[in-house]
Amino acid sequence: MKRKIYTELLEWKNSDARKPLIISGARQVGKTWIMNEFGKREYSNVIYANFDNDNRLRNLFEQDYDINRILLTLQALIGVKAEPGKTLIILDEIQEVPKGLGSLKYFCENAPEYHVMVAGSLLGIALHPGTSFPVGKVDMIDIHPMDFEEFLWASGNELLVDVLKSRDFSVINSISSKYIELLRLYYFVGGMPEAVDSFFRLRDLKKVRKIQNNILSAYKDDISKHAPKHEVQRINMVMDSIPSQLAKENKKFIFGAIKKGARANDFEIAIQWLIDCGIVHKVSRVSDVKLPLKFYEDLNAFKLFFVDCGLLGALSQAPADQIIVGNNIFSEYKGMFTEQFVHQQLVSRNDLFIYYWSSEKREFELDFVVQKESRLIPVEVKAEGNVHARSLRNFMQKHQELKAVRVSMLDYIDQEWMENWPLFAVGEM
């Protein structure tokens with residue numbers, strides 16, 4: 001399985017300013033796999049310590065943060081001696097031990113010659129409020145579900161990715177039906193590595209959906225295990241409401257859709273918990289489209305997107321035939337899966353600030369407004385070939401200094417004020 005994050009890990013390994021690396025992301029997005037795969041390929045040996053399933057490791061940091069003692073203990077327990085530059089030390093599920101994150105400061109300051117890689121959720125900070133995060137002493141990389149190009153790699157269609165990257169649209173347009181066929185599969189399978197691997201090995205849709213449901217169950221188990229008891233029900237209610245929220249024409253999150261009479265302060269903690277876990281992503285409204293977008297953020301209006309389109313389908317109980325066969329997935333569900341798909345591809349880049357815009361009276365709305373460094377990009381998402389976009393035209397008449405992007409089922413076209421990109425090519429947008 002090929003992941004884009006591998007290139008970032010190589011840069012980390014070869015950096016003169018390397019610090020212990022935290023790979024953060026939702027459960028089941030491939031953190032453990034990529035660490036072990038990278039260790040096997042790039043190092044002579046690997047020390048793999050999982051704090052969730054090895055009770056002998058639970059007290060590793062309780063005595064002190066003496067790095068020599070810690071490495072000797074790991075050697076005794078795992079049977080591998082750490083050698084600077086030759087051994088990758090992997091500390092997995094580090095949020096399970098209260099002082100685990102604190103140890104990274106001492107690896108950074110007292111033993112920078114060792115290569116240390118850590119997986120866990122930033123939720124671990126909230127779980128252990130008595131410990132401090134090693135600010136400035138670690139490097140960080142976020143990992144997301146596999147994007148559509150990684151899905152194409154997994155399908156054995158690496159050439160299709162090369163063609164997309166060439167941006168030769170005379171070729172891309174001629175084979176668009178192949179991309180669309182695989183896009184339908186991606187909507188159903190999604191980008192969770194276990195689901196992707198199972199599908200391309202077995203081609204069994206029922207097994208894919210079972211894997212997805214198991215992941216959703218694991219998320220809910222984590223909620224029950226780690227969340228404050230009085231918040232568990234509210235967190236589950238927010239999570240279960242995501243499909244109905246995204247299926248609305250106006251996808252702004254409505255608290256009353258969770259429970260009649262619900263108010264923002266009833267569910268603010270629940271939403272933040274899901275964001276910290278990486279299960280949902282929050283996209284806030286901006287009142288104006290100027291640099292920096294953060295200045296114009298409306299904290300009272302936002303959309304919530306799920307971590308993965310395949311998991312969203314499982315949570316929605318959407319039948320496979322509705323997604324894979326025909327054009328139902330593009331014409332039904334009020335664009336829910338399409339907007340989820342586009343957001344999932346954008347957020348996987350890790351270098352974009354993503355918002356949406358609507359006019360004060362909410363009669364006009366742009367699905368996304370993206371800031372990349374000093375560039376602002378209005379983005380309109382259309383699930384079908386019908387691309388009438390009153391909101392986009394109205395917006396662009398007042399912002400002629402910008403160039404818009406429309407994502408739809410049409411072929412690529414540059415209309416000077418706006419570029420249309422086919423849905424399957426959004427990763428190259």
Side-chain angles (χ1 to χ4, degrees), residues 1 3-125 127-128 131-143 193:
M1 196 170 290
R3 300 299 307 267
K4 292 179 179 179
I5 192 177
Y6 200 97
T7 301
E8 295 181 73
L9 299 183
L10 280 174
E11 292 174 359
W12 168 80
K13 181 192 177 201
N14 296 324
S15 171
D16 293 334
R18 184 193 59 259
K19 302 172 185 176
L21 176 66
I22 296 178
I23 300 179
S24 64
R27 283 195 182 274
Q28 306 291 328
V29 294
K31 297 188 295 292
T32 298
W33 181 86
I34 193 63
M35 290 190 302
N36 280 298
E37 184 71 8
F38 186 74
K40 285 189 292 185
R41 291 189 182 187
E42 304 298 334
Y43 292 86
S44 300
N45 49 49
V46 174
I47 293 176
Y48 177 74
N50 188 317
F51 292 94
D52 188 39
N53 61 18
D54 192 336
N55 289 327
R56 300 174 303 167
L57 293 166
R58 292 299 180 98
N59 297 319
L60 184 63
F61 308 112
E62 287 300 317
Q63 181 177 332
D64 54 41
Y65 287 128
D66 182 87
I67 299 301
N68 289 327
R69 179 193 62 79
I70 291 170
L71 293 178
L72 196 60
T73 303
L74 287 173
Q75 182 181 346
L77 293 175
I78 297 169
V80 178
K81 180 183 177 182
E83 298 181 70
K86 296 182 179 180
T87 304
L88 179 62
I89 302 168
I90 299 174
L91 307 178
D92 203 358
E93 303 291 356
I94 199 167
Q95 75 276 359
E96 296 297 328
V97 288
K99 294 185 177 181
L101 284 173
S103 70
L104 302 182
K105 173 184 177 182
Y106 298 92
F107 272 106
C108 177
E109 292 179 345
N110 302 334
E113 68 273 20
Y114 291 100
H115 294 210
V116 180
M117 195 176 284
V118 169
S121 167
L122 291 181
L123 178 65
I125 305 168
L127 294 179
H128 308 300
T131 62
S132 59
F133 188 79
V135 177
K137 305 298 180 182
V138 294
D139 295 320
M140 297 189 67
I141 297 177
D142 292 331
I143 184 170

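Quick note: numbers below take in every heavy atom, side chains included, and nothing from hydrogens, waters or symmetry partners. Not measured: the values here are computed from a predicted model.
With Leu74 as the fixed residue, the side chain to side chain contact (heavy atoms under 4.5 Å, CB included) test singles out one of Leu77, Leu72, Ile70: Ile70. The side chain to side chain contact (heavy atoms under 4.5 Å, CB included) test with Leu104 singles out one residue from Asp139, Ile22, Leu21, and that residue is Ile22. Between Arg18 and the choices His115, Lys13, Glu11, the side chain to side chain contact (heavy atoms under 4.5 Å, CB included) rule is met once, by His115.
Atom NZ of Lys105 sits in a sparse spot, with 12 or fewer heavy atoms from other residues, nucleotides or ligands closer than 6.0 Å.
A donor-acceptor pair is defined here as one N or O able to donate and one able to accept, closer than 3.5 Å; no such pair exists between the side chain of Arg58 and the backbone of Val97. A donor-acceptor pair under 3.5 Å is formed between the side chain of Asn14 and the backbone N or O of Leu10. Side chain of Lys99 to backbone of Leu60: no donor-acceptor contact under 3.5 angstrom is found. Here the side chain of Arg69 pairs a donor or acceptor atom with the backbone of Asp64 at under 3.5 angstrom.
The OH atom of Tyr48 sits 4.0 Å away from atom OG1 of Thr32, with the distance rounded to the nearest 0.5 Å. Rounded to the nearest 0.5 angstrom, Ile141 CD1 and Ile23 CD1 are separated by 6.0 Å. Summarising the geometry, atom CG belonging to Leu57 is positioned 11.0 Å from atom CG belonging to Asp92; distances are rounded to the nearest 0.5 Å. Residue Glu37 holds its CD atom at 9.5 Å from CD of Glu42, rounded to the nearest 0.5 Å. Separation of atoms CG (Leu91) and CE (Met117) is listed at 10.5 Å; rounding is to 0.5 Å. Note that CD of Glu113 and CZ of Phe107 are 10.0 Å apart. Values are rounded to the nearest 0.5 Å.
Between Leu88 and Gly39, the shortest heavy-atom contact is CD2-CA, 3.6 Å. Here the shortest heavy-atom pairing between Ala82 and Leu71 reads CB-CD2, 4.1 Å. Nearest heavy-atom pair, Ile5 versus Asp142, reported as atom, atom and distance to 0.1 Å: CD1-O, 4.3 Å. The shortest non-hydrogen separation linking Pro193 to Gln28 is CD-O, 3.3 Å. Among all heavy-atom pairs drawn from Lys40 and Val46, the shortest one is N-CG2, 4.0 Å. Residues Lys137 and Cys108 approach most closely at O-CB, 3.4 Å, considering heavy atoms.
Taking a cutoff of 4.0 Å between a charged side-chain nitrogen and a carboxylate oxygen, Arg27 and Glu93 qualify as a salt bridge.
Outside the 6.0 Å centre-distance limit, the rings of Phe61 and Tyr106 are not counted as a close aromatic pair.
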